[in-house]
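Each remark here refers to the structure printed beneath this line.
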Amino acid sequence: WEDEEYRRCYRDILCGDWERFDAWDATHRADARCDLYSLGLGLCTVFRSFQGWLSLSSSGKGMGALMVVPMLREATAFLMLRPFLRDVAPTS
């Protein structure tokens, strides 16, 4: 999160406008520096969903391709904002 370009990938979520977040927008991802300290932790500027979908790209519709309804915007926003949300009571 220290890299300004990397923060731009998630700007909409971080500004509280998570509904505008486009997980497929790679505008800032290519220039983002994910490993500022050269720790070699396997960080990658490629959005992992691109890799997953491309690995299935030789299949056509109805021919074994993974058919899901990804809620990437919602899931990403939830994971990023969860630390700021109030816990749900154990009895609910």
Kindly write out the residues that satisfy side-chain contact (heavy atoms from CB on, under 4.5 Å) with [X], not counting sequence neighbours, or none if the list is empty.
X: Leu79; answer: none
X: Glu19; answer: none
X: Arg86; answer: none

Rounded distance (nearest 0.5 Å) linking atom [atom1] of [X] with atom [atom2] of [Y]:
X: Arg73; Y: Met71; atom1: CZ; atom2: CE; answer: 9.5 Å
X: Tyr6; Y: Leu36; atom1: OH; atom2: CG; answer: 11.0 Å
X: Arg29; Y: Cys9; atom1: CZ; atom2: SG; answer: 4.5 Å

* Hey, does the side chain of Asp3 reach the backbone of Arg33 with a donor-acceptor pair shorter than 3.5 angstrom? -> yes

* Does Arg20 have any side chain to side chain donor-acceptor pair (under 3.5 Å) partners at least two apart in sequence or in another chain, and if so, which? ->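 Per chain and number, Arg20 pairs via side chain to side chain donor-acceptor pair (under 3.5 Å) with no residue.
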
* To do: Could you list the residues that satisfy side chain to side chain donor-acceptor pair (under 3.5 Å) with Arg8, not counting sequence neighbours?
  =>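 Checked Arg8 against side chain to side chain donor-acceptor pair (under 3.5 Å); matches are Glu4, Glu5.
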
* Please name the pair of heavy atoms, one in Tyr10 and one in Thr76, separated by the smallest distance, quoted to 0.1 Å. => CE2-CG2, 3.8 Å

* To do: State, to 0.1 Å, how close Leu14 and Arg7 come at their nearest heavy-atom pair, and which atoms those are.
  => CD1-O, 3.9 Å

* Side-chain heavy atoms under 4.5 angstrom apart, residues restricted to Ile, Leu, Val, Met, Phe, Trp, Tyr: same cluster for Phe78 and Ile13? -> no

* **Side-chain heavy-atom pair Met80, Phe21 within 4.5 angstrom cut-off** => no

* **Sub-4.5 Å side-chain heavy-atom contact between Trp18 and Glu74** => yes

